[in-house]
Structures are given as structure tokens and as C-alpha cells.
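Chain letters run A, B, ... following the sequence lines, proteins first, then strands; residues in each count from 1. Nothing here was measured: the structure is a model prediction, and the numbers come from that model.
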Protein chains: 2
Amino acid sequence: MKDMNELVEMFRERGYRITPQRQCVFKLLQGNTSHPSAESIYREARKEMSSLSLQTVYRTLAELVSLGELIPVDLGTGTVRFDPSVEVPHHHLVCRSCGKVSDLFADLRPPDMPEGYAQDFEVSSTEIVFRGICKACMTDGEDLGEREHRFSSK
Amino acid sequence: MKDMNELVEMFRERGYRITPQRQCVFKLLQGNTSHPSAESIYREARKEMSSLSLQTVYRTLAELVSLGELIPVDLGTGTVRFDPSVEVPHHHLVCRSCGKVSDLFADLRPPDMPEGYAQDFEVSSTEIVFRGICKACMTDGEDLGEREHRFSSK
DNA sequence: TATCACTTGAGAGTGACTATCATTAAGGAT
DNA sequence: ATCCTTAATGATAGTCACTCTCAAGTGATA
């Protein structure tokens, strides 16, 4: 994700207005590696700008996604999370217990699709998802974070 | 997923009762490779048993999941889908346009986690997800099926 | 500093589950 | 075959994560 000034510039170029709400959301995403959900960005943002609406957070995130500055990741944890690391390709670790998503920066070259399938499906991206238990949940038997919901397989 | 008789046997062993509703859901899942959602199982089941409730479908699916006879797959298409192919490990193709999920049966050995990460995360499964456009959506520009929702990355 | 289209926030709406509970019905006992 | 117990079901309401609509507010250009 671009830095603050570049984002502002980018928005201006497209005729989008620079509002305090947008800047507030931009700021919270800069260098954020926690894979926040819209809701968690909202909670943080309200500490500085109590009038901000959740709706505006969703809208701003969607704008950044459509500009390619944010990647939405939906890994079955119940909410879409947002990843500002768009520059470096990477993969994700998902904790089955608390739902936390972590990055795995490594050049795990994903396998190519076998020939037989390639004719019927045009691949645009390949993701490798590691599911398991994170360190925090291994040590505490107790879960603290947001949990994985519904039909989680374990 | 086990066959009809084995499922009935398995349920009886655990003291679960064999109801027409459960049998109806079992039958619709046998050999089903369409990765149905609870809703689509419900729609099919109602054709034979119009009194069946959606609630019972969800319950029966959850039972099968907890017995390991069904794998819930949540690939960000807006609904959890269910995969009765629990015996053969495989991966999934997800169409960004219509949301359809297809199986890819191939021994794509997923890469191991790099050493550095392995201490902080205990991996229980690794999935490879190929996202792109399915044949049907390539030919018709028009989409017919259920679409991918919300913050789909494209 | 006036204008106006873009933004915002409030409130209602939607879809996919999930909880609660009175009624119904498996299936072993009689 | 009928009774009885208790699990299972269906109806209804509730929750959560978004999504829509629209009147009111406000950047940015003139």
C-alpha cells in the first residue's frame, strides 16, 4: 500500500475528495500487519473521530480495494479482513482457534494447475492457506481473540 | 463420505435417530460433487419433502461435519459449501465471477512451512485455492450462477 | 464565499446462519 | 400393537456482517 501522501495524491487525481474520515482510515492501515476487519478499523478510528460511521469505513476500504491498494482476504473466519501488503506476494496462516491471520513471507512457489484442468479454468491467482493453531492458543488453552465461527472444520 | 447404509449404521451407533429428514439430506449428498450450500441442499430436499425446514438441514450438515463425513469449505463466496469427498485429499478452483467451486484431484504436494514459522504455528492442514474464471463464465460474458459477493478482489 | 457534486451518517434492509422452545415422533420397553 | 421417554423437528425470533437509500453536510473549484 502506498504511503499517506501518495494515497492523497492518488485520490485527488481521480477526483475523489480528501476528507478527514478517509485520512483517518488511511492512517490506520499504514504498515498494519494485523489483517484488520472493517469492524476493528472502525473501533480504532472512533477513538480519534467519534462521529465516524461504520458505513464510511466500509466505503473507504472498498475504494482502496478497487484501486488495488488493499487486498480483501476472506479465509472463512466470519469477516473479510484487509491486507495492505499488496507489493510483496505472500501467504497466510489462519488459527482455527482464535481466527487470527498471520502473514507468511516466503517464496513458496505454488504448484501449477495440471494440464487437464487448465483448459476449463483460467487461473488469476493461487493462494496457499495454512490452517492450524497459533502460538498464543497453544500455550493458553483459553482463547482470547475473535473465534472462528460456524462450520469451522475442527 | 460413507454410503447410505454406513451412515445410518453410524448414526444408530451413536444413539442418533434415523429420521426421514436426515435420510433425505444424506441421499442428496451421496456422490455430490457440486459443493452445495445449506440453502441449495434445502431447495433440492424440499422437492421431495416439502415440510423440511432449513434449520434441520443446517443441523444435519453440522452433524455430518462433526462426524468427519463432510468437510465445510468457506472460500469467501458468501456461503459455506459442503464437500463429501473426505477420503481423497484435493484442492479447489473458485470462479470469481459465478462463485462456483470445483475440485482439483491431483497430488499437488503443498510446500512445507519454512522453519522460522514452524515454531510459532502448528499446521493441521494446507489448502491450495486457485481463483480465476470458469469455462462457463469465459464463454458467456453473462453470469448465471451465484455470484461472489462483497469485497471479492476482482 | 458561493456553488454543487461528492461524501457522509442514520436508519432500514438483506442473507446466512444460530438460538429457543413447544410440538412431534423415533424406537426401546411393555 | 401401544406406551413412554427423550431426541428431533419446525416455527419464530435473533445476530452478525455487511449493503442500500437518501437527506443533510462539506471539499474544492470558480
Side-chain angles (χ1 to χ4, degrees), chain A residues 7-9 11-26 35-43 45-46 49-66 70 72-82 99 146-153, chain B residues 8-9 11-26 35-43 45-46 48-67 70 72-82 99 145-153:
Chain A
L7 286 178
V8 167
E9 169 107 2
F11 266 57
R12 264 198 233 285
E13 267 173 22
R14 319 234 162 195
Y16 296 174
R17 291 175 184 173
I18 305 306
T19 64
Q21 289 89 339
R22 281 174 175 164
Q23 286 176 292
C24 180
V25 173
F26 291 173
H35 304 83
S37 61
E39 188 66 38
S40 66
I41 288 289
Y42 176 63
R43 275 199 305 276
R46 293 268 294 206
M49 183 183 265
S50 62
S51 67
L52 183 71
S53 76
L54 181 56
Q55 170 70 341
T56 294
V57 172
Y58 274 107
R59 263 188 303 236
T60 304
L61 294 172
E63 286 154 9
L64 289 167
V65 168
S66 76
L70 208 51
V73 297
D74 186 345
L75 268 7
T77 59
T79 59
V80 176
R81 286 148 177 276
F82 295 90
E146 309 169 52
R147 4 186 65 268
E148 190 143 4
H149 73 318
R150 300 182 298 182
F151 290 109
S152 59
S153 33
Chain B
V8 167
E9 168 107 0
F11 267 56
R12 262 196 236 285
E13 269 172 21
R14 321 234 161 193
Y16 296 174
R17 291 172 184 175
I18 305 307
T19 64
Q21 289 87 339
R22 281 174 174 165
Q23 287 177 291
C24 181
V25 173
F26 290 175
H35 303 82
S37 61
E39 187 66 38
S40 67
I41 289 289
Y42 175 64
R43 275 199 306 275
R46 294 268 294 206
E48 301 171 24
M49 183 183 265
S50 61
S51 66
L52 183 70
S53 76
L54 180 57
Q55 169 70 336
T56 294
V57 172
Y58 274 106
R59 264 188 303 237
T60 305
L61 294 172
E63 286 153 11
L64 289 167
V65 168
S66 75
L67 293 174
L70 207 51
V73 296
D74 186 345
L75 268 6
T77 60
T79 59
V80 175
R81 287 148 176 276
F82 295 90
E146 309 167 53
R147 3 187 67 268
E148 191 145 3
H149 72 319
R150 302 182 299 184
F151 291 108
S152 59
S153 33

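Two end axes, each from the C1' atoms of five base pairs, can be drawn for the helix from dT1(C)-dA30(D) to dT30(C)-dA1(D); they diverge by 20°, to 10 degrees.
With hydrogens and angles left out, the side chain of Arg22(A) and the base of dG27(D) share no donor-acceptor pair within 3.5 Å. For dT12(D), its base never sits under 3.5 Å from the side chain of Gln55(B) at any donor and acceptor pair.
Glu39(A) is listed as a side-chain neighbour of Leu54(A), based on a closest heavy-atom distance under 4.5 Å. Side chains of Arg81(A) and Thr79(A) form a contact here, defined as non-hydrogen atoms less than 4.5 Å apart. Side-chain atoms of Leu70(B) and Leu61(B), non-hydrogen and from C-beta on, do get closer than 4.5 Å to each other. Between Phe11(A) and Arg22(A), the closest side-chain pair of non-hydrogen atoms falls below 4.5 Å.
In this model, no donor atom of one side chain and acceptor atom of the other lie less than 3.5 Å apart for Ser40(A) and Arg43(A). Neither side chain, Arg12(A) nor Tyr16(A), offers a donor N or O lying under 3.5 Å from an acceptor on the other.
Whole-Å rounding puts the Met49(B) CE to dG10(D) C1' distance at 12 Å. Spacing between atom CD1 of Ile41(A) and atom C1' of dA17(D) amounts to 16 Å, rounded to whole angstrom units. The distance from atom CZ of Arg59(B) to atom P of dA16(C) is 19 Å, rounded to the nearest whole Å. Leu54(A) has its CG atom 13 Å from the P atom of dC16(D), to the nearest Å. The interatomic distance linking Phe26(B) (CZ) with dA8(D) (C1') rounds to 13 Å, in whole Å. If you take CG of Asp74(A) and P of dA16(C), they are 13 Å apart, rounded to a whole angstrom. A straight line from CG of Leu61(A) to P of dA17(D) spans 15 Å, rounded to a whole angstrom. Distance OH (Tyr58(A)) to P (dC16(D)): 12 Å, rounded to an integer number of Å.
Under 4.0 angstrom from either OP1 or OP2 of dA16(C) there lies no side-chain N or O belonging to Thr79(B). Residue Thr56(B) has a polar side-chain atom (N or O) positioned under 4.0 Å from OP1 or OP2 of dG10(D).
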Going 5' to 3' along nucleotides 22-30 of chain C, which nucleotides have protein heavy atoms under 4.0 Å from the base (write B), which only from the sugar-phosphate (write S), and which from neither (write -)? ---BBS---
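Between Asp74(A) atom CG and Ser37(A) atom OG the span is 11.5 Å, to the nearest 0.5 Å. The distance from atom CZ of Phe26(A) to atom CG of Leu64(A), rounded to the nearest 0.5 Å, is 5.0 Å.
When distances are taken from the side chain of Val80(A) to each of dT20(C), dT21(D), dC18(D), the shortest belongs to dC18(D).
In this structure, the salt bridge (Lys or Arg N to Asp or Glu O under 4.0 Å) partners of Glu48(B), at least two apart in sequence or on a different chain, are Lys27(B).
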